[in-house]
Amino acid sequence: MEQKGRESWGTRFGFIMAAAGSAIGLGNIWRFPYLTGMNGGGAFIVIYLGCVLFVGLSIMTAELAIGRRTQLAAVGAYKAYNKGWSFAGVLGVLSGFFIMGFYPVVGGWSLAYIFKSFTGLLSNTGAIGDVFGAFIGDPVQPLIWMFLYMIINVVIVARGVHAGIELAGKILMPLLFGLLIIIILKGLTLPGASAGLSFLFVPDWSVVKGSTFLAALGQAFFSLSLGMGCMITYGSYLNKEEKLPNNALIVVSMDTLAAILAGVALFPPLFAFGMEPTAGPGLVFVVAPQIFAEMGGFGVLFSVLFFLALMIAALTSSVSLLEVVVAYLMDEKKIDRKKATYGTAVVMLVLCTLSSLSLGAMSGVTVFGVGAFDFFDILTDKIFLAIGGMLLAIFAGWFLKKEDLKDELTNGGTLSFGLFEVWYNLIKYVIPVLIGIVAAVGIVSIEQTSLMIFGILVIVVLAIFSKKL
Ligand code: PFF
């Protein structure tokens, strides 16, 4: 099934940096800390780690295996085995589009905050929250930053797998870890910082609700770039010598480490300064600058470094989101890379413009009870990704031959994968049931009932028309 002339990663390090770059993003530095803050701290982290270890790692391994086996991006990979399953791939491409309907908006905010750090953002501590609110609600400013952010994305993806995506990951990922560590070292020296560490690492089980599990599971999928064919696509550029289970473990560990580091970077100073951990999506943009403002002299430097890290993390992820759609158009519609990239980016820009305006000028316009930003966010994070992951597990466990999977994961029997049976049983029996339960309990508790029904209908309609997709 190997395709002639398919692009591929140059080196193992390059692949790992690109895959970790996809996984490590706003999900780790923007979303993980605020979800942890809103869901009570340590207990959420323990549930999250359980989701990552038992569900995320297995699905990551399966996605890489299917991608490399078929040498095709999401839709093609499903189709290569069974046309009735094309819809699962198309659902992934759709998720990619929808996540890219809000992700570059937040990417643009981070880009803006790098510059705002120099221009007085930190000088008025009391008003930092108002500054953020006014900024994201402005009809023009955030659009300009989002546009600039999108241009950087397009340039990287248009350059292709090796010269673009891989190169960006190799340079930017190590820089990101370095920056986070500097910020942590600074924060931990503040008096009272230890309360933040207890909040993160001492679980309080009384705060756990049914919806906490879906929040943790959805976050695990989002953060690891799973459930939408991204790792199928990245796996399809991987050469036959690589050890897939090892690579999956490395990428998952790096992603988890980045999320924990982001938590350790934010919560100790937050507690040291007596601020609230439940600030929500504004946590990073409101609380972090306040922390930096309180640091005095070096505050500006730390603020610049922090938002640079956030922007870098976002960039290597949105590059992968764009790549999922571009790879689909190249594989299935035979459109060339540059055309596919530019065309896709234009559609994404339109979606992002709606998202950005939904936080200000167009806040009165809602679809299914929410603005465009929340529409894209809730639909993907709470419904599409988890269901996409469940479909992938069912597909791998019940529709692919066990020997084929074993062959792919052991490189034709030349390596040992001692946990193969454990992995296979998890994928075949445990994960579909587990996701089924968590999704059923969590999805019905989504406040916006009509949005929930819409999301499920989309999946059902795609499934019915699967053979035509
Ligand atoms: N994993 C990215 C993050 O944590 O920000 C977001 C993401 C990228 C989700 C790619 C899904 C995806 F396919």
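Counting starts at 1 for both ligands and their atoms, following the listed order.
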N247 meets the side chain to side chain donor-acceptor pair (under 3.5 Å) criterion, sequence neighbours left out, with R12, E242

With a 4.0 angstrom cut-off on heavy atoms, strictly below it, pick out the residues next to ligand 1 and order them by chain and number.
-> S22, A23, G25, L26, G27, N28, Y103, F222, S223, S225, M228, C230, S317, S320, L321

Y237 ring centre to R6 NZ or CZ under 6.0 Å, with the angle to the axis within 45°?
-> no

Have R68 and S236 got a donor and an acceptor in their side chains that come within less than 3.5 Å?
-> no

S22 and S225: side-chain donor and acceptor closer than 3.5 Å?
-> yes

Under the ring-ring contact (aromatic ring centres under 6.0 Å, His included) test, which residues partner Y78, sequence neighbours left out?
-> F395

Taking only residues two or more places apart in sequence, or in another chain, which ones meet S358 in a side chain to side chain donor-acceptor pair (under 3.5 Å)?
-> none

